[in-house]
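See structure below.
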Amino acid sequence: MTVHVSPATPSGAPGTPGRLRTAWAAAHAPVPGVRRWTRIAAYAVPLTVLPSSLWRVAVLFDESTAEKTGNLPVWLPLPVYVVLLSVFSELVAFTAVGLIAAWGEAVPRWVPLLRGRRVPTAAAAVPAALGAVLLTVLWTAAFVADAAGVTLRGDPAPRDFPTAAGGWEAAVFYACYVPLLAWGPLLAAVTVAYVRRRSRARSAGSR
């Protein structure tokens, strides 16, 4: 007879890798009716943000930026700000997956008070649509300004801006930030598919 033993932590308590995998799968699993291209687009959104997030964190290890604080308040250290910004960006990008997953149609059970309730289509689609427009305009304007050698405010770009160095430094910067141009359009496409799918489901349910 074969005995299956659950993985244990050093303290002897059962481990949770199975639960983590289950939670990961549940957060990403598409609901019935999601087309393949929509699923790929939704999964791609967090990946468009990841390179720039990693680049920001990597810059913290550069001695030339160690003492810089920019316009940050005294109480907010640059490393803390960069890490929080990168994590926040990834979390915001991950919400695109909700437009194809079950938690984009019904509130997860772990959410107090609202658990299990149906998510109104507009409650998810309107913020996503506004975000798609804002992101598209923002990153398009940012790259146009960069090409013109100015900031978004129209001021001359700083001399220590990554693209000013040229060579491999500029190449790495562009490789990490150019994917952000796809964030808005991908989110817009997934949002449209979400609205159409919810509308079809509502029409089918009313028959």
Side-chain angles (χ1 to χ4, degrees), residues 28 37-100 104 122-195:
H28 291 77
W37 74 263
T38 309
R39 183 172 71 252
I40 294 175
Y43 293 159
V45 171
L47 296 179
T48 65
V49 182
L50 183 59
S52 58
S53 298
L54 295 177
W55 183 89
R56 283 192 297 267
V57 174
V59 168
L60 294 176
F61 296 93
D62 188 344
E63 295 181 359
S64 63
T65 61
E67 301 299 328
K68 294 182 179 179
T69 59
N71 297 321
L72 297 177
V74 178
W75 54 267
L76 182 58
L78 179 61
V80 174
Y81 168 76
V82 168
V83 172
L84 289 178
L85 176 61
S86 297
V87 171
F88 177 74
S89 298
E90 284 300 320
L91 291 176
V92 171
F94 183 72
T95 59
V97 179
L99 298 175
I100 67 165
V126 171
L130 293 176
V133 173
L134 177 61
L135 289 166
T136 301
V137 172
L138 173 63
W139 289 113
T140 301
F143 277 90
V144 169
D146 177 71
V150 298
T151 65
L152 283 174
R153 296 181 180 180
D155 302 324
R159 293 182 179 179
D160 59 351
F161 197 72
T163 57
W168 69 268
E169 293 184 6
V172 171
F173 175 83
Y174 282 123
C176 292
Y177 273 82
V178 165
L180 290 172
L181 290 171
W183 187 358
L186 285 173
L187 179 58
V190 176
T191 302
V192 172
Y194 173 83
V195 173

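Note that the numbering runs from 1 along the sequence shown for the chain.
Phe143 and Leu181 get closest at one heavy-atom pair: CD1-CD2, 3.6 Å. Contact detail for Pro127 and Ala122: the closest heavy-atom pair is CD-O, 3.6 Å. In terms of heavy-atom proximity, Pro51 sits nearest to Cys176 at CB-O, 3.5 Å. Scanning all heavy atoms of the two residues, the minimum distance from Pro179 to Thr48 falls at O-CB, 3.4 Å.
The CZ atom of Arg56 sits 8.0 Å away from atom OH of Tyr81, with the distance rounded to the nearest 0.5 Å. Atoms CD1 and CD1, from Ile40 and Ile100 in turn, are 10.0 Å apart once rounded to the nearest 0.5 Å.
Within the structure, no pair that satisfies the side-chain hydrogen bond (donor to acceptor under 3.5 Å, both in side chains) test touches residues 132-141, not counting sequence neighbours.
Listed by chain and number, the residues in a side chain to side chain contact (heavy atoms under 4.5 Å, CB included) with Val150 are Ala145, Ala148 (sequence neighbours excluded). Contacts of Trp37 classified as ring pair (Phe, Tyr, Trp, His ring centres under 6.0 Å), with partners at least two apart in sequence or in another chain: none.
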Which donor-acceptor pairs under 3.5 Å do the side chains of residues 88-98 make with protein atoms, sequence neighbours left out?
unit_1: Ser89; atom_1: OG; unit_2: Leu85; atom_2: O; d: 2.8
unit_1: Glu90; atom_1: OE2; unit_2: Leu50; atom_2: N; d: 2.9
unit_1: Thr95; atom_1: OG1; unit_2: Val92; atom_2: O; d: 2.5

Would you mind writing out the side-chain donor-acceptor pairs for residues 184-191 within the sub-3.5 Å range, not counting sequence neighbours?
unit_1: Thr191; atom_1: OG1; unit_2: Leu187; atom_2: O; d: 2.7

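No donor-acceptor distance shorter than 3.5 angstrom exists from the side chain of Tyr194 to the backbone of Ala128, with no hydrogens or angles considered.
The aromatic rings of Tyr43 and His28 lie tilted to each other, with the angle between the two planes from 30° to 60°.
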